[in-house]
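Letters A, B, ... mirror the listed sequences (proteins, then strands); counts begin at 1. Values below: every heavy atom of this structure, side chains too, minus hydrogens, waters and symmetry copies.
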2 protein chains.
Amino acid sequence: MSQARPTSPGTLAGELRVGANRLVRKLRHQRGQADLPEHQFVVLTALNKFGPMTPGALADLEGVRPPSMTRTVNALVEHGFVSKLANDQDKRQITVQLTPQGRNEIKETRRRRDAWLTKQLGSLSPEDRQTLAQASELLKRIAGH
Amino acid sequence: MSQARPTSPGTLAGELRVGANRLVRKLRHQRGQADLPEHQFVVLTALNKFGPMTPGALADLEGVRPPSMTRTVNALVEHGFVSKLANDQDKRQITVQLTPQGRNEIKETRRRRDAWLTKQLGSLSPEDRQTLAQASELLKRIAGH
DNA sequence: CTATTTAATTACTTTAGGTAACGGTCTATG
DNA sequence: CATAGACCGTTACCTAAAGTAATTAAATAG
């Protein structure tokens, strides 16, 4: 494990971009027929993490425009994974919330889609897994919200 | 550095997927007007790494259907970043190869698109950068080639 | 030598995103 | 306090990038 000189941000950036892109592409390729499209799934996970939100807040969070989020939310409503709730304080707004089926779908989808990755990780040493665990935190921190 | 129990592959998979996805999404969001679309850029980098290839081989490599690759290659030809070359052994096939402008575009695009990430990495501690450097290797290993 | 297979392409469809504009609701100021 | 403007979700329409089906031309197997 040579550590001659500190890793320079510039060269690391390229390495990290390539590594992250490859993993994401591979994971996308692993996505089965049964799984929800990524843009729908991330909305479920956002609601699971932050609780009920308006479509506008979801759009901001996911970095898409409001009309796109309207479509995504409507698709999820049709699947029965979320429901829309009127807001009595401000009648312009609505609240989107997970249904029990939505919660279940998160669990099932994660299980299916992480099966491949879990297998790969299982073949690494505990030290390497520890490295990746720390890296996961750093990635999230870098990416902000 | 608390290491009470070994990081389980199952929970790590979820963390890693989220972290990698967020970074990639953020990087995509940072992509400037001047940069090529990702699907075009990755073809340039593939040609740079593996040398001249047929459209079919590129399609396999990128996990995309042949008609999509035909379009991507044609767009790159119009930009002058690659050129098509007839194959005399098998006249059904063509070879796609980088032009000098294509090579230059890779360099320039990488420089531009890594500017943001380089800045983020610069604000981390050398230890964290070391963690990410190791993680980059692991990500590439996991994702295969 | 014909029949099948293969490679790239063309034509058309699907998916997921964007912008512009609208309609109902809230809010601030004149 | 009335109304002008801002805000929120939505609708209508457009664009980008991928897919499938069908086409053309070339190689190869029987």
Side-chain angles (χ1 to χ4, degrees), chain A residues 21 24-47 52-79 81-97, chain B residues 21 24-47 52-79 81-97:
Chain A
N21 265 303
V24 166
R25 204 156 64 80
K26 190 81 178 189
L27 284 170
R28 183 176 308 141
H29 204 259
Q30 291 297 128
R31 187 164 70 81
Q33 192 63 28
D35 296 335
L36 286 176
E38 188 65 20
H39 67 285
Q40 290 181 27
F41 182 66
V42 295
V43 167
L44 294 188
T45 59
L47 292 171
M53 302 174 74
T54 65
L58 282 168
D60 281 351
L61 189 65
E62 297 305 327
V64 300
R65 300 291 170 182
S68 303
M69 189 50 71
T70 293
R71 277 187 297 262
T72 301
V73 167
N74 285 342
L76 290 170
V77 169
E78 282 173 27
H79 279 101
F81 295 147
V82 305
S83 56
K84 293 180 181 181
L85 180 63
N87 179 335
D88 287 332
Q89 274 70 44
D90 185 339
K91 285 175 181 162
R92 293 171 303 180
Q93 299 191 124
I94 65 174
T95 302
V96 183
Q97 62 183 2
Chain B
N21 265 303
V24 166
R25 204 155 64 81
K26 189 80 176 190
L27 284 170
R28 185 175 307 140
H29 203 258
Q30 290 299 127
R31 187 164 68 80
Q33 192 63 28
D35 296 335
L36 287 176
E38 188 65 20
H39 67 286
Q40 291 181 26
F41 183 66
V42 295
V43 167
L44 294 187
T45 59
L47 292 171
M53 301 173 75
T54 65
L58 281 168
D60 280 353
L61 189 65
E62 298 305 327
V64 101
R65 298 292 169 184
S68 303
M69 189 51 69
T70 292
R71 277 187 297 262
T72 301
V73 167
N74 285 343
L76 290 170
V77 168
E78 281 172 27
H79 279 101
F81 296 148
V82 304
S83 55
K84 292 181 180 180
L85 179 63
N87 180 333
D88 286 333
Q89 274 72 44
D90 185 338
K91 285 175 181 161
R92 292 171 306 179
Q93 299 192 123
I94 65 173
T95 302
V96 182
Q97 62 183 0

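- Atom CE of B:M69 and atom P of C:dT10 are 16 Å apart (whole Å).
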For nucleotides 23-30 of chain D, just jot down a letter per nucleotide in 5' to 3' order: B, S or -, based on protein non-hydrogen atoms under 4.0 Å.
---BS---
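- The backbone N or O of B:S68 sits less than 3.5 Å from a side-chain atom of B:T72, completing a donor-acceptor pair.
- When atom types are taken as modelled, the side chain of B:R71 and the backbone of B:P66 share no donor-acceptor pair closer than 3.5 angstrom.
- The residue among A:Q93 and A:N74 whose nearest nucleotide of DNA chain D lies closer to the 5′ end is A:Q93.
- Taking side-chain N and O atoms only, A:T70 has a distance below 4.0 Å to OP1 or OP2 of D:dT10.
- In terms of heavy-atom proximity, A:T95 sits nearest to A:P52 at CG2-CB, 3.5 Å.
- Looking at every heavy atom in both residues, A:L44 comes nearest to A:V82 through CD2-CG1, 3.7 Å.
- When all heavy atoms are compared, the tightest approach of A:Q97 to A:L47 is C-CD1, 4.5 Å.
- Rounded to an integer number of Å, the gap from A:D60 CG to D:dG9 C1' is 13 Å.
- Between the P atom of C:dA16 and the CD atom of A:E62 lies a distance of 15 Å, rounded to the nearest Å.
- Atom CG of B:L76 and atom C1' of D:dA17 are 14 Å apart (whole Å).
- Partners of A:H39 under the ring-ring contact (aromatic ring centres under 6.0 Å, His included) rule, at least two apart in sequence or in another chain, do not exist in this structure.
- Between A:L76 and A:L36 there is a side-chain heavy-atom pair separated by less than 4.5 Å.
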Scan nucleotides 18-20 of chain D against the protein and return all N/O pairs shorter than 3.5 Å with their distances rounded to 0.1 Å.
| residue | atom | partner | partner atom | Å |
| --- | --- | --- | --- | --- |
| D:dA18 | N7 | B:R71 | NH2 | 3.2 |
| D:dG19 | OP2 | B:R65 | N | 2.9 |
| D:dG19 | OP2 | B:S68 | OG | 2.7 |
| D:dG19 | N7 | B:R71 | NH2 | 3.2 |
| D:dG19 | O6 | B:R71 | NH1 | 2.9 |
| D:dG19 | O6 | B:R71 | NH2 | 3.4 |
| D:dT20 | OP2 | B:R65 | NE | 3.1 |

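- Between the CG atom of A:L58 and the C1' atom of D:dT10 there is a distance of 15 Å, given to the nearest Å.
- Residues A:P55 and A:M69 approach most closely at O-CG, 3.4 Å, considering heavy atoms.
- Rounded to whole Å, the distance from NZ on A:K84 to P on D:dC8 is 16 Å.
- B:R25 places a side-chain N or O within 3.5 Å of a backbone atom of A:E62 that can act as its donor or acceptor partner.
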